[in-house]
Amino acid sequence: MEIHSSSFVISNTDWNKCPTENRLEYAFIGRSNVGKSSLINMLTNNKKLAKTSGKPGKTQLINHFLIDNHWFLVDLPGYGYAQVSKSLRRSFGKIITEYITNRKNLVNLFVLIDSRHDAQKIDLEFMRWLGEKGIPFSIVFTKSDKLKLGQLNANIMKYKNTLTQEWDVLPEIFITSAESKKGKEEISEFIEKYNTEYQEHFVGKAK
Ligand code: GTP
Ligand code: MG
């Protein structure tokens, strides 16, 4: 699946004010600076769509993007950014958790993990919470261009081993790079599959 059009719709702090839940949507989440916004731009072939930054904490709102006039991609604020104040960190957390637990048209959450690092407590805890809440998610390893292939494979293997200690079945895993566009097809196909599968529930409402 190739994305032909993408446009910014609206930013919100409140899930209640997000666009009407009559189109399927897929959201991107993970630690600040992990590459959420860059990945959205890579998938949409639109470098200017989501705002990216070398400094963590760039995305602070729930951002909806309309894709091919049909479904939404959602860029979420990063979690676990230590440099913002505690109260701000709490409010980020509230924005995210309320969005995730309430949004009825959310098909899948892509949890982004920097492929260079060892498993971090905050990501493992977050995924545990998703499991408890029954929220469907997949794991997306980012910035794979920053590692040699051998190191990348070793890191992913190690991560999977860590997950296996806690999960009987691992979620779908994608290895990506916003630079080299690695993983673009795999994620696009995954989304397309769900768009097709769930389409009938939304037929007649989406246009
Ligand atoms: P917040 O909005 O602050 O939570 O960050 P984010 O997760 O949206 O990260 P963003 O996409 O803004 O990227 C953070 C930094 O990482 C930027 O400097 C990007 O250019 C860089 N970056 C993101 N993805 C990749 C990648 O695949 N490869 C490389 N080399 N750099 C990347
Ligand atoms: Mg961002």
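Along the sequence shown, residues are numbered consecutively beginning with 1. Atoms within each ligand, like the ligands themselves, are counted from 1 in listed order. Being a predicted model, the structure only gives us computed values, none of them experimental.
- For Tyr26 and Tyr194, the ring centers are positioned 6.0 Å apart or more.
- In this structure, a donor-acceptor pair under 3.5 Å is absent between the side chains of Asn69 and Ser5.
- Checked against a 3.5 angstrom limit, the closest N/O atoms of Ser144 and ligand 1 fall outside it.
- In the candidate list Ala178, Ser115, Ser38, Ser38 is nearest to atom 19 (C) of ligand 1, counting heavy atoms.
- Looking only at heavy atoms of the protein, atom 31 (N) of ligand 1 is closest to Lys146 CE, 3.8 Å.
- One side chain, Gln151 or Asn155, offers a donor N or O that lies under 3.5 Å from an acceptor on the other.
- Side-chain contact check for Ser6 and Asn46: at least one donor-acceptor pair (N or O, by modelled atom type) lies under 3.5 Å.
- Heavy-atom contacts of Glu179 reach the following atoms of ligand 1: 27 (O), 28 (N), 29 (C), 30 (N) (cutoff under 4.0 Å).
- Each of the atoms 18 (O) of ligand 1 lies under 4.0 Å from some heavy atom of Gly54.
- The closest side-chain donor-acceptor pair between Asp145 and Ser180, if any, does not fall under 3.5 angstrom.
- Aromatic ring centres of Trp129 and Tyr79 lie farther apart than the 6.0 Å criterion allows.
- A salt bridge links Lys184 to Glu2: at least one charged side-chain nitrogen sits closer than 4.0 Å to a carboxylate oxygen.
- Ligand-side atoms of ligand 1 in range of Ser32: 4 (O), range being under 4.0 angstrom from any heavy atom.
- With hydrophobic clusters built from ILVMFWY side chains whose heavy atoms lie under 4.5 angstrom apart, Ile173 shares a cluster with Leu149.
- If you look at Asn33 next to ligand 1, the close heavy atoms, those under 4.0 Å, come from the backbone and the side chain alike.
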Evaluate the ring-ring contact (aromatic ring centres under 6.0 Å, His included) criterion for residues Trp167 and Tyr159: first the C-alpha distance (whole Å), next the side-chain angles of each, then the deciding distance (0.1 Å), finally the verdict. CA-CA 12 Å; Trp167 296 84; Tyr159 208 102; over 10 Å; no

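- Atoms of ligand 1 found under 4.0 Å from any heavy atom of Ser177, numbered from 1 in the order shown, are 27 (O).
- The shortest N or O to N or O distance between Asp75 and ligand 1 is not below 3.5 Å.
- When non-hydrogen atoms are compared, ligand 1 lies under 4.0 Å from the backbone of Ser53 (N, CA, C, O) but not from its side chain.
- Between Phe190 and Phe110, the ring centre distance stays below 6.0 Å.
- Residue contact check for ligand 1: Val34 places a non-hydrogen atom closer than 4.0 Å to it.
- When the options Lys143, Met42, Lys55 are ranked by their closest heavy atom to atom 32 (C) of ligand 1, first place goes to Lys143.
- Looking only at side-chain heavy atoms (C-beta outward), Leu39 and Ile187 come within less than 4.5 Å of each other.
- Near Asp145, meaning under 4.0 Å from any of its heavy atoms, are these atoms of ligand 1: 26 (C), 27 (O), 28 (N), 29 (C), 30 (N).
- Backbone and side-chain nitrogen or oxygen atoms of Pro77 are examined, and none is located within less than 3.5 angstrom of a nitrogen or oxygen of ligand 1.
- Of the N and O atoms on the side chains of Lys48 and Asn41, not one donor lies less than 3.5 Å from an acceptor on the other residue.
- Between the Mg ion (ligand 2) and Ser53 there is no N/O/S contact shorter than 2.8 Å.
- Here the protein heavy atom with the shortest distance to atom 9 (O) of ligand 1 is Gly35 N, 3.2 Å.
- Listed by number with element, the atoms of ligand 1 under 4.0 Å from a non-hydrogen atom of Gly78 are 4 (O).
- Given atom 4 (O) of ligand 1, the protein heavy atom at minimum distance is Lys36 NZ, 2.9 Å.
- Between Ser37 and ligand 1, a contact under 3.5 Å exists for at least one N or O pair.
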